[in-house]
Amino acid sequence: MQWETVIGLEIHVQLSTKSKLFSGSSTAFGSDANTQANVVDLALPGILPVPNKDAFKYAIMFGLAVNAEINKRSVFDRKNYFYPDSPKGYQTTQLDLPVVGKGYIDIHVGEDNIKRVRIHHAHLEEDAGKSLHENFQGQTGIDLNRAGTPLIEIVTEPDMRNAKEAVECFRKLHTIVTYLGICDGDLSQGSMRCDANVSIRPLGEDTLGTRAEIKNINSFKFVEKAINVEVQRQINALEDGDTLTQETRLYDSEKNETRSMRSKEEANDYRYFPCPDLLPVEIDDAFIDDIKASMPELPEQKKQRFIEQYALSDYDAEQLTNSKAMAEYFENVCKVCSDPKLSANWILGELLATLNKNDIDSRDMSNCPVSEQSLGQLILRITDNTISSKIAKKVFSLLWGTEQDVDSIIEEQGFSQVSDSSAIETMVQTVINNNPQQVEQFKAADEAKRKKMVGFFVGQVMKASQGQANPAMVNDILIKLIG
């Protein structure tokens, strides 16, 4: 039987507010356990929460960025469950009246196809604390520093049909929240966490299958792996005649498998009801208009500007604007060398390949061992014919992680391009003398074949000069001498 995969995502985004959703406790990362939890976070009797205005501002910024409805009246609810790192015994969240309503994003499927993924809603809620199992033999430690940290939970419709589409959706949302500056996007520290709702159904059917929710996936790579392994598990189960159960599962990256965590609860299992300590939040048009006026340039807008301002291809502009940090790096390189096309080629080619090889995240260019100034200077030395593109790659490798500047490396290594016409003429003549058969073939060839054959002679001269001869001069002198 042929199966169709159906995927929806629930993505928790930790908002970069200075204080928590309902208290004045700091949200700074890395403090000693339980030093950033006050009486509100600890749920001591008699306390009253107060909503964080900035959390609403950030949620609305996200809503505007994904073309969503902004609900002018939103209500906080209590989601009741008992867990050690949630001292209240409930989570304050939004159910029926979230701040952000229906919206959408467009993702790339393959090189040329665009797919629309609908956003069902995004709601504000508080994070739980953290259970610590290391260094507590036979016990569990509880750190409530994170308890009450503001989140938005983004819920998509089940519009994705394979793991790659789900990853693209997650990436696009990551790009949007980091461009907005409402989240640092650090997956390794849990700033964004993805839950994937995965089900399968016979191809051609409309009814949704029994879904499993894979919880707390913290990397793009693991989202793809977790979904693929879960899809295969469900297919195997159904084709073996088993029945699937709606449940929550965890992904084990070491074993590359999902395992059951608990049966999936329904909304009524949590006994939701409006939080009696918090009034409905009313948002007026002026507040929304002020946020609209302060919105930064978003990925799609930046991409279009790069196409128009820098004459880049759609593909290059798309790749450069996938990351805010990469886009800023590109523009800073351009300020140094004034050559957008060559800058794009070097960033998307040599630089990105070396970042990946060294396992450096290109979404955080602060860790890039080659500064914008250095790469811009390197490109300048190509365009002013000081060095060839081939030699530039050697300079780039020497720049990696060093404090030396480009000109110092070129001088120390003797990399300057040979542009002395008499020296080049001598090298060209030597190559001609050493290859009489190829010279006769060249002279006998028509114009089209000659253009292809020139490459052989140029290559031989560049090899003899160790890549330092000026290629344009080599080509001109070669044509003159060979006839």
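Numbering of residues begins at 1 and proceeds along the displayed sequence.
- Of the possible donor and acceptor atoms, none in the side chain of K79 sits under 3.5 Å from a partner among the backbone N and O of T92.
- Without hydrogens or angle criteria, R193 side chain to G190 main chain gives a donor-acceptor distance under 3.5 Å.
- Between R262 and E247 there is no salt bridge, since no side-chain nitrogen of the basic residue lies less than 4.0 Å from a carboxylate oxygen of the acidic one.
- Checking side-chain atoms of T402 against main-chain N and O of L398 turns up a donor-acceptor pair under 3.5 Å.
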Using the rule given for side-chain contact (heavy atoms from CB on, under 4.5 Å), can you reason through M160 versus C169, listing the C-alpha separation, both sets of side-chain angles and the distance that settles it, and then say yes or no?
CA-CA 9 Å; M160 289 148 280; C169 177; 3.6 Å; yes
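- Atoms CH2 and OG, from W400 and S374 in turn, are 11.5 Å apart once rounded to the nearest 0.5 Å.
- Side chain of N358 to backbone of T354: a donor-acceptor contact under 3.5 angstrom is found.
- Within the structure, every pair that satisfies the side-chain hydrogen bond (donor to acceptor under 3.5 Å, both in side chains) test and touches residues 273-298, not counting sequence neighbours, is listed here: K72-D285, R73-E282, R78-D277, E297-K302, E297-R305.
- For residues 8-27, every residue pair satisfying the salt bridge (charged side-chain N to carboxylate O under 4.0 Å, His left out) rule, not counting sequence neighbours, is listed here: K20-D41.
- Under the 30°/60° scheme for interplanar angles, the aromatic rings of Y81 and Y270 are found to stand perpendicular.
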Considering only distance and modelled atom types, tabulate donor-acceptor pairs under 3.5 Å from the side chains of residues 227-236, sequence neighbours left out.
{"unit_1": "N228", "atom_1": "ND2", "unit_2": "E224", "atom_2": "O", "d": "3.3"}
{"unit_1": "E230", "atom_1": "OE1", "unit_2": "R233", "atom_2": "NE", "d": "3.0"}
{"unit_1": "E230", "atom_1": "OE1", "unit_2": "R249", "atom_2": "NE", "d": "3.3"}
{"unit_1": "E230", "atom_1": "OE1", "unit_2": "T258", "atom_2": "OG1", "d": "2.6"}
{"unit_1": "E230", "atom_1": "OE2", "unit_2": "R233", "atom_2": "NE", "d": "3.2"}
{"unit_1": "E230", "atom_1": "OE2", "unit_2": "R233", "atom_2": "NH2", "d": "2.7"}
{"unit_1": "E230", "atom_1": "OE2", "unit_2": "Q234", "atom_2": "NE2", "d": "2.8"}
{"unit_1": "Q232", "atom_1": "NE2", "unit_2": "N236", "atom_2": "OD1", "d": "2.9"}
{"unit_1": "Q234", "atom_1": "OE1", "unit_2": "I200", "atom_2": "N", "d": "3.4"}
{"unit_1": "Q234", "atom_1": "NE2", "unit_2": "V198", "atom_2": "O", "d": "3.1"}
{"unit_1": "N236", "atom_1": "ND2", "unit_2": "Q232", "atom_2": "O", "d": "3.3"}

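- Side chain of T156 to backbone of L9: a donor-acceptor contact under 3.5 angstrom is found.
- Of the inter-residue distances, the one linking Y58 atom OH with L180 atom CG reads 10.5 Å to the nearest 0.5 angstrom.
- Judged as a salt bridge (charged side-chain N to carboxylate O under 4.0 Å, His left out), and not counting sequence neighbours, the contacts of E4 are R161, R201.
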Using side chain to side chain donor-acceptor pair (under 3.5 Å), reason through E300 and Q304 one step at a time and then give a plain yes or no.
CA-CA 6 Å; E300 290 298 328; Q304 193 58 40; over 6 Å; no
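- Using a 4.0 Å cut-off between charged side-chain N and carboxylate O, D106 and R116 make a salt bridge.
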Please tabulate, for side-chain N and O atoms in residues 59-71, each donor-acceptor pair with protein atoms closer than 3.5 Å (sequence neighbours left out).
{"unit_1": "N67", "atom_1": "ND2", "unit_2": "Y104", "atom_2": "O", "d": "3.2"}
{"unit_1": "N71", "atom_1": "ND2", "unit_2": "P98", "atom_2": "O", "d": "2.7"}

Under the criterion side chain to side chain donor-acceptor pair (under 3.5 Å), I'd like the reasoning laid out for E168 against H108: C-alpha separation, chi angles, the key distance, then a yes or no.
CA-CA 7 Å; E168 282 305 305; H108 281 266; over 6 Å; no
Quick one, S25 with N38, criterion side chain to side chain donor-acceptor pair (under 3.5 Å). Give me CA distance, side-chain angles, the key distance, then yes/no.
CA-CA 6 Å; S25 296; N38 66 12; 3.3 Å; yes
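- Considering only heavy atoms from C-beta on, W3 comes within 4.5 Å of P202 through its side chain.
- Of the possible polar contacts, none joining the N52 side chain to the F22 backbone as a donor-acceptor pair under 3.5 Å is found.
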Side chain to side chain donor-acceptor pair (under 3.5 Å) between Q36 and N145: does it pass, once the steps are laid out?
CA-CA 5 Å; Q36 294 180 177; N145 279 351; 5.0 Å; no
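- Across all their heavy atoms, A55 and L21 have their closest contact at CB-CD1, 3.6 Å.
- Separation of atoms CZ (F56) and CD1 (I288) is listed at 11.5 Å; rounding is to 0.5 Å.
- The side chain to side chain contact (heavy atoms under 4.5 Å, CB included) check on T210 picks up L244, Q246, with sequence neighbours excluded.
- The CD atom of E318 sits 8.5 Å away from the CD1 atom of I307 when rounded to the nearest 0.5 Å.
- Under the 4.5 Å side-chain criterion, counting only non-hydrogen atoms from C-beta, Y251 is not in contact with R259.
- A distance-only check finds a donor-acceptor pair linking the side chain of T175 to the backbone of N322 [under 3.5 Å].
- Here the side chain of N218 pairs no donor or acceptor atom with the backbone of M192 at under 3.5 angstrom.
- The main-chain N or O of R118 is found under 3.5 Å from a side-chain atom of D159 such that the two form a donor-acceptor pair.
- Here the CG-OH distance, from N80 to Y90, works out to 8.5 Å after rounding to the nearest 0.5 Å.
- At least one side-chain heavy atom of C368 sits under 4.5 Å from a side-chain heavy atom of L351.
- R381 has a carboxylate O that lies under 4.0 Å from a charged side-chain N of D384, or vice versa, which qualifies the two as a salt bridge.
- Listed for the N356 side chain is a donor-acceptor partner under 3.5 Å among the backbone atoms of L352.
- Ring orientation note: the planes of F330 and Y310 are nearly perpendicular, at an angle over 60° on the 30°/60° scale.
- We find the CD1-SG distance between I214 and C194 to be 9.0 Å, quoted to the nearest 0.5 Å.
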